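Below, read A as the first sequence line, B as the second, and so on, with proteins coming before strands; counting in each chain starts at 1. Predicted, not measured: the structure shown is a model, and the values here were computed from it.
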Protein chains: 2
Amino acid sequence: MIKKLQTEKELEQMARFAKALGHPIRLTILQHLEKQSCCFTGDFVDILPVAQSTVSQHIKELKDAGLIQGEINPPKVKYCINQENWDKAKALFCDFFDVDFTNSSCSI
Amino acid sequence: MIKKLQTEKELEQMARFAKALGHPIRLTILQHLEKQSCCFTGDFVDILPVAQSTVSQHIKELKDAGLIQGEINPPKVKYCINQENWDKAKALFCDFFDVDFTNSSCSI
DNA sequence: ATAATTCATCGTATATTTGCGATAAACTAT
DNA sequence: ATAGTTTATCGCAAATATACGATGAATTAT
């Protein structure tokens, strides 16, 4: 397998993803979304040991990084993984770590 | 393939790694170390568009995160990937993204 | 209409990150 | 000894991140 070099743009995109992944609370949120398709903000507030406003802020950062997306479902908001960017992130990290992900298991 | 859930400790370790990866300069440094076994600090200073002290600081962060290690080679310092922790990071990210890395290409 | 629920945003405080120039430390070469 | 090379660290400034309580916005239930 030939290691594919990442361009500067790709490294910047990956850094943005990595930064978003760089906090335990945000990783926990993502892990829950990976397990069970979608969650409401309140679900995370129940689990996480921080205030509701703090959870909301972490959600916002994941949303800004493009890793999740929200769907308003009054009075709740349902969050899901943004599959397109999630796959992009997966590809960037796999490239970076020199992992062949083309044959990896598909979650569908 | 069954998705392996990551423990809180693992998520914290992964967050520390991700945080270290969350800057383009640090990704560039790591990519260079991946390509060519080892580098001196000066090699990075030549490439990167920031001051020497800034490069040194980014190197320190990668070292603190355990992703690289330095070997004093007076008056220079030679840096290499810390393979043990690199593999640990690779495993954590692959688990997180649900990628099967057990059969991935080995760089040796 | 009023109250309750859910969530984002604001304002604030504190901590961390980022970047720089200047300086110090360690060693080599002259 | 003196000067040069390489790198880390210090001190500083500015920006960003983290966390909280309070408040506001949107909607549902009474």
Side-chain angles (χ1 to χ4, degrees), chain A residues 8 11-30 32-33 36-82, chain B residues 8 11-30 32-33 36-82:
Chain A
E8 201 175 321
L11 284 185
E12 262 169 39
Q13 174 65 81
M14 182 176 160
R16 225 174 310 147
F17 284 143
K19 203 172 183 183
L21 298 178
H23 195 290
I25 285 184
R26 294 196 287 271
L27 289 183
T28 304
I29 290 172
L30 289 171
H32 270 267
L33 289 179
Q36 59 195 80
S37 54
C38 291
C39 287
F40 299 112
T41 303
D43 297 338
F44 302 127
V45 176
D46 292 343
I47 302 167
L48 298 165
V50 287
Q52 177 265 323
S53 59
T54 305
V55 172
S56 210
Q57 218 169 334
H58 283 297
I59 285 174
K60 180 171 160 44
E61 271 172 69
L62 289 172
K63 214 168 39 179
D64 289 348
L67 290 171
I68 66 174
Q69 61 199 149
E71 183 191 318
I72 294 173
N73 208 333
K76 300 188 176 186
V77 179
K78 195 169 71 177
Y79 284 102
C80 306
I81 295 277
N82 181 322
Chain B
E8 202 176 321
L11 284 185
E12 263 170 37
Q13 174 65 81
M14 181 176 161
R16 225 175 310 147
F17 285 144
K19 202 171 180 181
L21 298 179
H23 195 292
I25 285 183
R26 294 196 287 271
L27 287 183
T28 304
I29 290 172
L30 289 171
H32 269 268
L33 289 179
Q36 59 195 82
S37 54
C38 292
C39 288
F40 299 112
T41 303
D43 299 337
F44 301 127
V45 176
D46 292 342
I47 301 167
L48 298 165
V50 288
Q52 178 264 323
S53 60
T54 305
V55 172
S56 210
Q57 218 169 334
H58 282 297
I59 286 174
K60 180 172 161 42
E61 271 171 70
L62 289 172
K63 212 168 41 179
D64 288 349
L67 290 171
I68 67 174
Q69 61 199 149
E71 183 191 319
I72 295 172
N73 208 333
K76 300 189 177 187
V77 179
K78 195 169 70 175
Y79 284 102
C80 307
I81 296 275
N82 180 322

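- Using a 4.0 Å heavy-atom cutoff across all strands shown, B:Lys78 reaches no nucleic acid atom at all.
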Would B:Lys76 and B:Thr41 satisfy side chain to side chain contact (heavy atoms under 4.5 Å, CB included), going step by step from the backbone distance to the final call?
CA-CA 8 Å; B:Lys76 300 189 177 187; B:Thr41 303; over 6 Å; no

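- With rounding to whole Å, B:Arg16 atom CZ is found 16 Å from C:dT16 atom C1'.
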Hey, can you pull the donor-acceptor pairs under 3.5 Å for the side chains in residues 46-68 of chain A, sequence neighbours left out?
unit_1, atom_1, unit_2, atom_2, d
A:His58, ND1, A:Arg26, NH1, 2.9
A:Lys60, NZ, A:Asp64, OD2, 3.3
A:Glu61, OE1, A:Arg26, NH1, 3.1

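- Of the residues in residues 40-47 of chain A, not one comes within less than 4.0 Å of DNA chain D through any heavy atom.
- Smallest separation of non-hydrogen atoms from B:Leu33 and B:Tyr79: CD2-O, 3.3 Å.
- DNA chain D is contacted by no residue of residues 22-29 of chain B, taking any non-hydrogen atom closer than 4.0 Å.
- With a 6.0 Å cutoff to the six-membered ring centre and a 45° limit on the axis angle, B:Lys78 does not count as a cation-pi contact of B:Phe40.
- Close approach of DNA chain D to chain B, defined as any atom under 4.0 Å from a non-hydrogen atom of the protein, starts and stops at D:dT5 to D:dT9.
- In this structure, the separation between CG on B:Leu11 and NE2 on A:His23 is 12.0 Å, given to the nearest 0.5 Å.
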Classify every nucleotide of nucleotides 25-30 of chain C by which part a protein heavy atom approaches to under 4.0 Å, writing B for the base, S for the sugar-phosphate alone and - for neither, in 5'-to-3' order.
--S---

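- Residues A:Asp43 and A:His32 have side chains not in contact (no heavy-atom distance under 4.5 Å, counting atoms from C-beta outward).
- DNA chain C lies under 4.0 Å from at least one heavy atom of each of the following residues of residues 49-59 of chain B: B:Val50, B:Ala51, B:Ser53, B:Thr54, B:Gln57, B:His58.
- Distance B:Leu21 CG to C:dT17 P: 14 Å, rounded to the nearest Å.
- How far CG of B:Leu21 is from CE of B:Met14: 9.0 Å, rounded to the nearest 0.5 Å.
- Using a 4.0 Å heavy-atom cutoff across all strands shown, A:Lys19 reaches sugar-phosphate atoms only and no base atom.
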